[in-house]
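Notes to accompany the following structure.
Bear in mind that the values here come from a model prediction, so they are computed numbers and not experimental data.
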Amino acid sequence: MSSQKSSSGPRGGITPVQQMIASCSGAIITSLFVTPLDVVKIRLQAQRNPFPKGKCFVYCNGLMDHICVCENGISKAWYKAPGHFSGTLDAFIKIIRMEGIRSLWSGLPPTLVMAVPATVIYFTCYDQLCAVLKLRMGDRSDYAPLFAGAIARVGSATVISPLELIRTKMQSEKQSYRELSAVIQSALHNQGWRSLWRGWGPTLLRDVPFSAMYWFNYEKGKAWLCQYYNFTDPTFAITFTAGALSGSFASIVTLPFDVVKTKRQVELGELQTMKFSSSTFYVMKRIVAENGVSGLFAGFLPRLIKVAPACAIMISTYEFGKAFFQNCG
């Protein structure tokens, strides 16, 4: 790896547009790598416990979690397709053999409509905020990534939250995109503006601490690895490793809020509980009462398996894109 050691001096910054292009590229590549893992997971879940009509499940493309609603319990949709799989590897092989390799990316296009813009907003805002904060914080500039990550996540989550909520309601009520305005008007009339940000609280409780810890540990880890290997600029391997480790740590710490957020969104999407409403604290109490404290850490291993590579792929491709524009400048 010594051949990858940088001999160039400090490089100039890049424009926000170039940052957007780099983050967009990273988002698409991340989705292409991670989506097949979640498609296989959902197919295995459907095999063990078939989804009834109106039932919800969480679908993740490596960038965002999305709630999908089963419109018809006997449909042959991608999440309900027949097949007997003995395990993850067997599922991969049989899906490719029987349905074609494209089926591993089923459900990806609709989720990218929100996931890519959200990621572009998030990463671009982070870089811009981090640069400003480092200048203003002086001796405490090491903490700039922590604050920049938290603020950027608040912004992106606030923008996307109503869109995710509307999309879930459209699916559960079998409405087309043409009826989008009717959905918005109905929500505003019945519950007011705040109804469009339902689930925003637990989303922030999970995502803001995650982002703060992730960026702080990522920048620290990247700097330490560069110093350890005597690199002037981080290599792809360094950014990949730092991203995976920092993402893993942040995902473990914020897991309870991820469980609460998922539970609330699933309850919202399911037909029989459309009018269900509860606070984050109430949901946490209910989870503890039903499953004990360990219930707040349900899905620990699956979340870690998805988050670590997703964070690693996203940040390393993003940094590679930025480096490309810097070298071209």
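For the residue pair G247 and C311, the shortest heavy atom distance occurs at CA-SG, 3.9 Å. For the residue pair A244 and S248, the shortest heavy atom distance occurs at O-OG, 2.7 Å. Residue S103 comes nearest to I95 through the heavy atom pair OG-CG2, 3.0 Å, listed as atom of the first residue, atom of the second, then distance. Counting all heavy atoms, side chain and backbone alike, L204 lies closest to A157 at CD2-CB, 3.8 Å. Residues G243 and Y214 share a closest heavy-atom pair of O-CE1, 3.6 Å.
Both the sub-6.0 Å distance and the 45° axial angle are not jointly satisfied by R43 relative to the ring of F85.
Tracing side-chain contacts under 4.5 Å through hydrophobic residues (I, L, V, M, F, W, Y), one reaches V120 starting from I28; they form part of the same cluster. L133 and L146 end up in the same hydrophobic cluster when Ile, Leu, Val, Met, Phe, Trp and Tyr side chains are linked at under 4.5 Å. Using a 4.5 Å cut-off between side-chain heavy atoms of Ile, Leu, Val, Met, Phe, Trp and Tyr, with links allowed through other members, L37 and I96 fall into the same hydrophobic cluster. Note: the hydrophobic cluster containing Y229 also contains W224 (ILVMFWY, side chain heavy atoms under 4.5 Å, direct or indirect links). In the hydrophobic clustering of this structure, M98 groups with L104; members are Ile, Leu, Val, Met, Phe, Trp, Tyr whose side-chain heavy atoms approach within less than 4.5 Å, directly or through other members.
At a threshold of 4.0 Å, the pair E319-K222 counts as salt-bridged, since one of the basic side-chain nitrogens sits closer than that to a carboxylate oxygen. Looking at D127 and K322, a side-chain N of the basic residue comes within less than 4.0 Å of a carboxylate O on the acidic one, giving a salt bridge.
With values rounded to the nearest 0.5 angstrom, L129 atom CG is found 9.5 Å from Y126 atom OH. Taken to the nearest 0.5 Å, the OG atom of S23 stands 12.0 Å off from the CD atom of Q18. The distance from atom CD1 of I252 to atom CG of L304, rounded to the nearest 0.5 Å, is 5.0 Å. With values rounded to the nearest 0.5 angstrom, S31 atom OG is found 11.0 Å from D38 atom CG. Interatomic distance, CD1 of I151 versus SG of C125, reported as 10.0 Å (0.5 Å rounding). Interatomic distance, M213 CE to T254 OG1, rounded to the nearest 0.5 Å: 5.5 Å.
Side-chain contact check for I29 versus I313: some heavy-atom pair is nearer than 4.5 Å. When side chains are defined from C-beta on, F123 counts as touching M314, because their heavy atoms get closer than 4.5 Å. Using a 4.5 Å heavy-atom threshold, the side chains of K220 and D142 count as touching. Side-chain contact between W105 and L32 is present, with at least one heavy-atom pair separated by less than 4.5 Å. No side-chain heavy atom of V17 sits under 4.5 Å from any side-chain heavy atom of F325. The closest side-chain heavy-atom distance from I160 to Y122 is not below 4.5 Å. When side chains are defined from C-beta on, Q128 counts as touching Q19, because their heavy atoms get closer than 4.5 Å. The shortest side-chain heavy-atom distance between F249 and N217 falls under the 4.5 Å cut-off.
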Stepwise side-chain hydrogen bond (donor to acceptor under 3.5 Å, both in side chains) test for T239 and Y218: CA-CA 8 Å; T239 56; Y218 168 72; 4.9 Å; no
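Tested against F216 for a ring pair (Phe, Tyr, Trp, His ring centres under 6.0 Å), the candidates Y143, F147, F210 yield a single pass: Y143.
At least one donor-acceptor pair under 3.5 Å links the side chain of S211 to the backbone N or O of D207. For S156 (side chain) and R153 (main-chain N/O), a donor-acceptor pair under 3.5 Å exists by modelled atom type.
The environment of CD in E290 is crowded: more than 12 heavy-atom neighbours from other residues, nucleotides or ligands sit within 6.0 Å.
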